[in-house]
Amino acid sequence: MNSPVNSQRLFEEAQHFIPGGVNSPVRAFKAVGGNPLFIKSAKGAFITDQDDNEYIELINSWGPMILGHGNEKIAEAVKSAVENSLSFGAPTAIEVEMAKLISSMMPSIEKVRMVNSGTEATMSAIRLARGYTGRDKMIKFEGCYHGHGDSFLIAAGSGAITLGEPDSPGVTRGVANDTLTVPYNDLGKVEEVINANEDQVAAIIVEPVAGNMGCVLPAKDFLEGLRRLCDANGIVLIFDEVMTGFRLSKAGAQGVYNVKPDLTTLGKIIGGGMPVGAYGGKREIMDYVSPQGPVYQAGTLSGNPVAMAAGLAMLTQINEDKSLYTDLANRTKAIEEGFQSNLDELGLGYTMNRIGSMVSLFFTNERVVDFEKAKSSSMEKFGLYFREMLNQGIYLAPSQYETLFISKSITEDLVGRIVEANRTALKAIH
Ligand SMILES: *Cc1c(COP(=O)(O)O)cnc(C)c1O
């Protein structure tokens with residue numbers, strides 16, 4: 001391994017001109033100690049830093065690169081789109097094709113609006129739910145992440161049943177009052193909050209499989225229960241599938257659990273690596289979006305032709321690959337089983353959660369079903385583990401609260417290397 005002198009120099013320079021030296025906070029390695037690696041290129045399952053170190057990478061750009069880096073069909077589609085100019089700000093044929101394909105893959109989406117990020121998708125979906133119901137409040141879950149829109153940066157307050165607390169300076173109390181935060185997988189609490197805010201709740205937004213507190217699965221009947229409560233109380237159910245959409249199945253988590261939301265938000269994979277998001281759902285609700293309806297939402301670069309070319313090439317491949325999701329699940333299961341046998345051998349009782357190609361190892365002996373339990377994972381142990389894995393050429397997300405993403409480029413051979421590195425790292429830190 002070369003000493004990361006170039007990354008070091010770039011990080012020092014970056015900190016003069018970019019807040020914290022990064023354009024998104026979790027990249028800064030603050031949770032694991034040390035400085036971030038600056039990345040030069042990636043191909044397949046491998047990523048190369050500015051000091052020419054090569055790592056097996058399990059971040060997938062935080063989700064999008066499910067087919068591995070440098071997918072040729074996506075690259076070709078982007079190159080040929082570029083030939084026709086980068087942007088028009090007018091409707092294009094490829095947007096229609098994209099909308100049709102999304103709707104055919106994810107049947108709860110009858111109409112869809114393209115935006116430029118997951119954050120934009122969730123912000124717009126919430127505004128739409130409020131406009132549609134004529135109500136102000138929303139319910140979200142502790143440990144779920146829905147991007148950095150003001151109304152999502154709210155923690156459960158002391159009077160959590162009726163009032164939230166700003167979770168970041170700059171978010172107003174007024175906004176906080178409209179967001180109610182409930183523990184994940186706690187249907188009883190959701191019902192209590194709905195009853196305490198009768199006829200005021202516009203939407204419940206949830207990650208149907210949580211991926212932003214590590215991987216946490218919905219309890220049996222949790223999603224069905226939310227559906228039931230929304231139906232009974234005239235509330236819009238929003239599945240935030242920015243991470244799970246096209247990751248867990250062609251139809252996302254809703255396809256796996258067979259629960260239909262009213263609205264779905266998408267991002268990450270849908271752009272094939274380009275900045276894309278989308279929100280869509282029931283026709284009756286989507287028809288409230290301008291210019292058809294009164295709820296305003298717009299975007300100069302929305303549906304950008306280069307981004308659509310990348311996204312369409314991604315979704316087309318996913319749609320046509322009959323064995324993709326079983327292959328990914330099998331590889332990921334092999335990693336899970338390998339890690340488990342390492343834990344058993346070392347007498348460690350740590351918890352693992354997995355579904356499809358998402359898997360998390362928590363440094364706690366508790367079963368992780370919500371954020372409270374996820375927080376029982378040892379940050380210190382995770383930091384040590386992260387650095388040991390990196391030293392062995394395995395690049396994990398620099399946060400305990402991320403899942404590992406397995407891409408199509410992770411071959412059986414690489415599974416073996418990852419499991420072996422896990423064994424060495426676990427041994428080294430205990
Ligand atoms: C990543 C993510 C977002 C935010 O998407 P950005 O493109 O980063 O704005 C929203 N919701 C979920 C579930 C996510 O994982």
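Sequential numbering from 1 along the given sequence is applied to the chain's residues. Everything numeric in this text was worked out from a predicted model, so none of it was measured. These values consider heavy atoms only, across backbone and side chains, with no hydrogens, waters or symmetry-generated copies. Indexing begins at 1, ligand by ligand and atom by atom, following the structure's order.
One distance of note links CD of E241 with OG1 of T264; it measures 6.0 Å at 0.5 Å rounding. In this structure, the separation between CD1 on I56 and CZ on F46 is 5.0 Å, given to the nearest 0.5 Å.
Each ring pair (Phe, Tyr, Trp, His ring centres under 6.0 Å) pair with one or both residues in residues 106-144, not counting sequence neighbours, appears once here: Y132-Y288, F141-F222.
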Return all side-chain donor-acceptor pairs below 3.5 angstrom for residues 307-333, not counting sequence neighbours, or 'none' if the list is empty.
residue : atom : partner : partner atom : Å
T316    : OG1  : L312    : O            : 2.5
Q317    : OE1  : N71     : ND2          : 3.1
Q317    : NE2  : N71     : OD1          : 2.7
Q317    : NE2  : A313    : O            : 3.2
N319    : OD1  : K250    : NZ           : 3.2
D321    : OD1  : S323    : N            : 3.2
D321    : OD1  : L324    : N            : 3.1
D321    : OD2  : K408    : NZ           : 3.1
S323    : OG   : D327    : OD2          : 3.0
Y325    : OH   : F246    : O            : 2.5
T326    : OG1  : S323    : O            : 3.1
N330    : ND2  : T326    : O            : 3.2
R331    : NH1  : I410    : O            : 3.1
T332    : OG1  : L328    : O            : 2.6
K333    : NZ   : E337    : OE2          : 3.1

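For F371 and Y401, the distance between ring centers is under 6.0 angstrom.
With sequence neighbours excluded, the residues that form a side chain to side chain donor-acceptor pair (under 3.5 Å) with K373 are E366.
Residue-level contacts of ligand 1 at the 4.0 Å heavy-atom threshold are S117, G118, T119, Y145, H146, G147, E207, N212, D240, V242, M243, K268.
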